[in-house]
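First the proteins, then the strands, lettered A, B, ... as listed; each starts at 1.
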2 protein chains.
Amino acid sequence: MSRPTFSDFKQEALGELEVREEYLALSATYDLRKKLIALRQKAGLTQQQLATVLHTQKSNISRLENVNSAISPKLSTIEQYAHAVGHEVKIEFIPKNHT
Amino acid sequence: MSRPTFSDFKQEALGELEVREEYLALSATYDLRKKLIALRQKAGLTQQQLATVLHTQKSNISRLENVNSAISPKLSTIEQYAHAVGHEVKIEFIPKNHT
DNA sequence: ATGTGGGTTATCTTAATTGATAACTAAAGA
DNA sequence: TCTTTAGTTATCAATTAAGATAACCCACAT
């Protein structure tokens, strides 16, 4: 095992308290982006088509969906996207096991 | 019945198409704020205490929780709040009945 | 009456997201 | 090969959320 795996990074990151918050936040947005892409594709829309519906540009749609982008989208942005692909947004809060 | 009720406003607002999206967005954030307050209270924290945990000010917490505020919070903001009260954020997409 | 604690509102500043345009890659077809 | 389509990336301007400070209200207690 030469190069560090994602799991390695994960372990090291969780070491520091402040980094942990960041990690969890990233994982949540990562999950979100995957869902957004799936919704769009299921709706049979391209980024360009969705952009047109939302009166914006395809580059902005790409930025929103792209995992590499460092942005944390506004709730309203997520909602507009969801509505455009025929869905409502529901936010749930799951209790954490605080050891 | 002299003054208009919220229900009246709702009906009138739904009349126009562009306003409808806005209404749905508002209702979602309204729902969110109620949940946030409930989580904080269940955690036994005041706005001041939560603000301290998040290294911010109680006025900012109030703005986030307050229904009247016109802001649409960032996903990361919601997550930080949730983590501080011992919860994880999960976003779900509910299919709409497109008549 | 005075003070304290919890929450709200207003305002300014700062930081970040979003809008918009353009240039680019990669894949698929004609 | 040339073209088109889908998606990415970079950049800058414009909008907006978040940080910070201060003043305020209200309930409650001493």
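Rounded to whole angstrom, the span from the CD1 atom of A:Ile71 across to the C1' atom of D:dT9 amounts to 13 Å. Spacing between atom CG of B:Leu75 and atom P of D:dA17 amounts to 15 Å, rounded to whole angstrom units.
Evaluation of atom-type donor-acceptor distances gives no pair under 3.5 Å for the side chain of B:Arg63 against the base of C:dG7. In the interface, the side chain of A:Ser59 is paired with the base of C:dT21 through a donor and an acceptor atom under 3.5 Å apart.
Atom CD of B:Gln57 and atom CD of B:Gln47 lie 12.5 Å apart (nearest 0.5 Å).
Between C:dT9 and B:Asn66, a contact under 4.0 Å exists linking OP1 or OP2 to a side-chain N or O. Residue B:Arg40 places at least one side-chain N or O closer than 4.0 Å to OP1 or OP2 of C:dG7. Residue A:Thr77 places at least one side-chain N or O under 4.0 Å from the OP1 or OP2 atom of C:dT18. The phosphate of D:dT8 (OP1 or OP2) has a side-chain N or O of A:Gln47 nearer than 4.0 angstrom. Proximity of A:Thr56 to the phosphate of C:dG19: a side-chain N or O atom is located under 4.0 Å from OP1 or OP2. For D:dA20, one of the phosphate oxygens OP1 or OP2 lies less than 4.0 angstrom from a side-chain nitrogen or oxygen of B:Gln57.
Scanning all heavy atoms of the two residues, the minimum distance from B:Ile37 to B:Tyr81 falls at N-OH, 4.0 Å. Nearest heavy-atom pair, A:Asn60 versus A:Arg63, reported as atom, atom and distance to 0.1 Å: OD1-NH2, 3.0 Å.
Side chains of A:His83 and B:Lys96 form a contact here, defined as non-hydrogen atoms less than 4.5 Å apart.
Checking B:Lys58 against B:Leu64, the closest nucleotide of DNA chain D that is more toward the 5' end is the one next to B:Leu64.
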